[in-house]
Amino acid sequence: MMRSSFQPHCEEPGSFLELEDWIRPNSNPIHNMSDKELLWRASFVPRIKDYPFKRVPKVAFMFLTRGPLPFAPLWERFFKGNERLYSIYVHSMPSFQPQFPRSSVFYNRQIPSQVVEWGRISMGDAERRLLANALLDISNERFILLSELCIPLYNFSFVYNYIMISKYSFMNVFDDPRPYGRGRYRNKMAPLVNITEWRKGSQWFEVNRKIATIIVEDTRYYPIFDKYCRQPCVVDEHYFPTMLSIEAGNELANRSLTWVYWSRDGPHPGTFGKSDITEEFIDRVRNQDRCEYNDKNYTVCFLFARKFAPSALKPLLDMDSKVLGF
């Protein structure tokens, strides 16, 4: 067990605190805070809304991975030239040792992590851990959760503007009466969570700073899900959608920004490889749906897509830059 790094500030003789000391994020996200300390620290919220400095809002790209990032070269191209507008955080298995060069946008972006098991509370822990680390940077305004098998569908400028001017956070939330939905509810969750409030949704979300803070500061619903949401209940499909629909339902767009192909009934989506990657495929993913954006009908619903096999990287890199825009 590592000792906490949280220490009260002691001034050196003759030294003075500057505003920069409070707002400048660490260049390296490694720390030795426990999860309890980290969530507590991340829950700090300024009460005065006007910032006393020039704040350039950033998008925090949070990668939840098992190990390597097979599409890192594609993401490098996506991020290039936009260094002041994004932050990157990577949560992988603790045993994984990344080998990114210093020139990579992923260099030293690994956060302290723990073992994650699909469908269990440890998955929710990892997502809250990513959000908490990203909240430590006061400039991060929007937070997008991605996997190592996600790709961007548009260039950075389009993605940044789409997210920043949205009035809503993008969390998929719906009431599923089937065994995979309400069938996972446990009566012992009542009265805090009733079956009429039980919701399901995609794991892959995008939220603003207010919603991210609600998630990390939650001590009301988390213990109930920790105790009762066990297999076949899938924590990452129910905890955030249920909790947020109760606490901030009118601030959610009720859809995800990440396209996934559910080819059949079951727990896992379809995977796309080298032979699938064509301009027609990208256009089909982009244009196959209609949605609401800022309360108006819109044709662009997805900014990211998953899930892709590593063999898809080369044809994506070889694709004409006009297709993806980068």
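Residue numbers count from 1 along this sequence.
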Exercise for the section: Look at the side chain of Arg199 and the backbone N and O of Val173, then say whether any donor-acceptor pair between them is shorter than 3.5 Å. Expected result: no

Practice task
Kindly assign one of parallel, tilted or perpendicular to the pair Phe53 and Tyr51, based on the angle between their ring planes and the thresholds 30° and 60°.
Solution key: perpendicular

Practice task
Answer with yes or no whether the side chains of Asn28 and Tyr107 bring together a donor and an acceptor at under 3.5 Å.
Solution key: no

Problem - Parallel, tilted or perpendicular: ring planes of Phe44 versus Trp40, cut at 30 and 60 degrees - result: perpendicular

Exercise for the section: Tell me, please, which residues at least two apart from Phe100 pass ring pair (Phe, Tyr, Trp, His ring centres under 6.0 Å). Expected result: Phe106

Problem - Cluster check Ile246, Leu192: I/L/V/M/F/W/Y, side chain < 4.5 angstrom - result: yes

Handout entry: Donor-acceptor pair, side chain of Glu37 and main chain of Ser34, under 3.5 angstrom
Key = yes

Fill in the blank from the handout: Across all chains, not counting sequence neighbours, the side chain to side chain contact (heavy atoms under 4.5 Å, CB included) partners of Glu20 are Ile23, Arg24

Could you tabulate the donor-acceptor pairs under 3.5 Å formed by side-chain atoms of residues 133-141, not counting sequence neighbours?
unit_1	atom_1	unit_2	atom_2	d
Asn133	OD1	His31	NE2	2.9
Asn133	ND2	Arg129	O	2.8
Asp137	OD1	Ser139	N	3.0
Asp137	OD2	Lys58	NZ	2.6
Asn140	OD1	Ser87	OG	2.9
Asn140	ND2	Tyr89	OH	3.0
Asn140	ND2	Ala134	O	2.8
Glu141	OE1	Arg55	NH1	3.2
Glu141	OE1	Arg55	NH2	2.7

Handout entry: Any residue meeting ring pair (Phe, Tyr, Trp, His ring centres under 6.0 Å) with Phe205, in chain and number order, not counting sequence neighbours
Key = Phe240

Practice task
Answer with yes or no whether the side chains of Glu127 and Gln203 bring together a donor and an acceptor at under 3.5 Å.
Solution key: yes

Practice task
For Lys80, enumerate each residue passing the salt bridge (charged side-chain N to carboxylate O under 4.0 Å, His left out) test, keeping only those at least two apart in sequence or located in another chain.
Solution key: none

Practice task
Tell me yes or no: between the side chains of Tyr239 and Arg128, is some donor less than 3.5 Å from an acceptor?
Solution key: yes

Completion exercise
dist Met62:CE -> Leu130:CG (nearest 0.5 Å) comes out at 5.5 Å

Practice task
For Arg306, enumerate each residue passing the salt bridge (charged side-chain N to carboxylate O under 4.0 Å, His left out) test, keeping only those at least two apart in sequence or located in another chain.
Solution key: none

Exercise for the section: Please test Arg142 against Ser166 for side chain to side chain contact (heavy atoms under 4.5 Å, CB included), starting from the C-alpha separation and ending with a verdict. Expected result: CA-CA 10 Å; Arg142 310 287 301 212; Ser166 173; 4.1 Å; yes

Problem - Geometric class of the Phe170/Tyr293 ring pair [parallel <30°, tilted 30-60°, perpendicular >60°] - result: parallel

Exercise for the section: For Ser169 and Glu206, test the side chains for any donor-to-acceptor distance below 3.5 angstrom and give the result as yes or no. Expected result: no

Handout entry: Non-neighbouring partners of Phe174 that pass ring pair (Phe, Tyr, Trp, His ring centres under 6.0 Å), sequence neighbours left out
Key = none

Practice task
State, yes or no, whether a side-chain contact exists between Arg286 and Asp283 at a heavy-atom distance under 4.5 Å.
Solution key: yes

Practice task
Take Arg184 and Lys200 through the test side chain to side chain contact (heavy atoms under 4.5 Å, CB included) and record every step on the way to the result.
Solution key: CA-CA 10 Å; Arg184 294 172 174 172; Lys200 183 179 179 179; 4.1 Å; yes

Handout entry: Ring centers of Tyr154, Tyr162 separated by less than 6.0 Å
Key = no

Practice task
Mind checking the CZ-CG spacing from Arg284 to Asp289? Nearest 0.5 Å is all I need.
Solution key: 14.0 Å

Problem - Residues which pass ring pair (Phe, Tyr, Trp, His ring centres under 6.0 Å) with Tyr185, listed by chain and number, not counting sequence neighbours - result: Trp198

Practice task
Sequence neighbours left out, what pairs pass ring pair (Phe, Tyr, Trp, His ring centres under 6.0 Å) with at least one residue falling in residues 305-325?
Solution key: Phe272-Phe308

Handout entry: Pair Arg182-Asp176, salt bridge (charged side-chain N to carboxylate O under 4.0 Å, His left out): steps then yes or no
Key = CA-CA 6 Å; Arg182 287 198 179 198; Asp176 185 354; over 6 Å; no

What pairs of donor and acceptor atoms, side-chain ones from residues 315-326 against any protein atom, are under 3.5 angstrom apart with sequence neighbours left out?
unit_1	atom_1	unit_2	atom_2	d
Asp318	OD2	Lys314	NZ	2.7
Asp320	OD1	Lys322	N	2.9

Handout entry: disulfide bond (SG atoms under 2.5 Å apart) against Cys150, all qualifying residues, sequence neighbours excluded
Key = none

Practice task
Report the C-alpha distance between Leu74 and Ile151 in whole Å, list the side-chain angles of each, state the deciding distance to 0.1 Å, and finish with yes or no for side chain to side chain contact (heavy atoms under 4.5 Å, CB included).
Solution key: CA-CA 8 Å; Leu74 186 69; Ile151 66 166; 3.9 Å; yes

Practice task
Give the C-alpha distance, both sets of side-chain angles, the deciding distance and a yes or no for side chain to side chain donor-acceptor pair (under 3.5 Å) between Asp226 and Tyr221.
Solution key: CA-CA 9 Å; Asp226 185 19; Tyr221 301 94; over 6 Å; no

Handout entry: Qualifying residues under side chain to side chain contact (heavy atoms under 4.5 Å, CB included), relative to Lys167, sequence neighbours excluded
Key = Asn294, Asp295

Problem - Test item: side-chain donor near acceptor, Ser122 and Gln114, under 3.5 Å - result: no

Practice task
Using a cut-off of 6.0 Å, state whether more than 12 heavy atoms not belonging to Arg290 lie near its atom CZ.
Solution key: yes

Practice task
Answer yes or no: is there an ion pair linking Glu292 with Arg255, defined by an N-O contact shorter than 4.0 Å?
Solution key: no

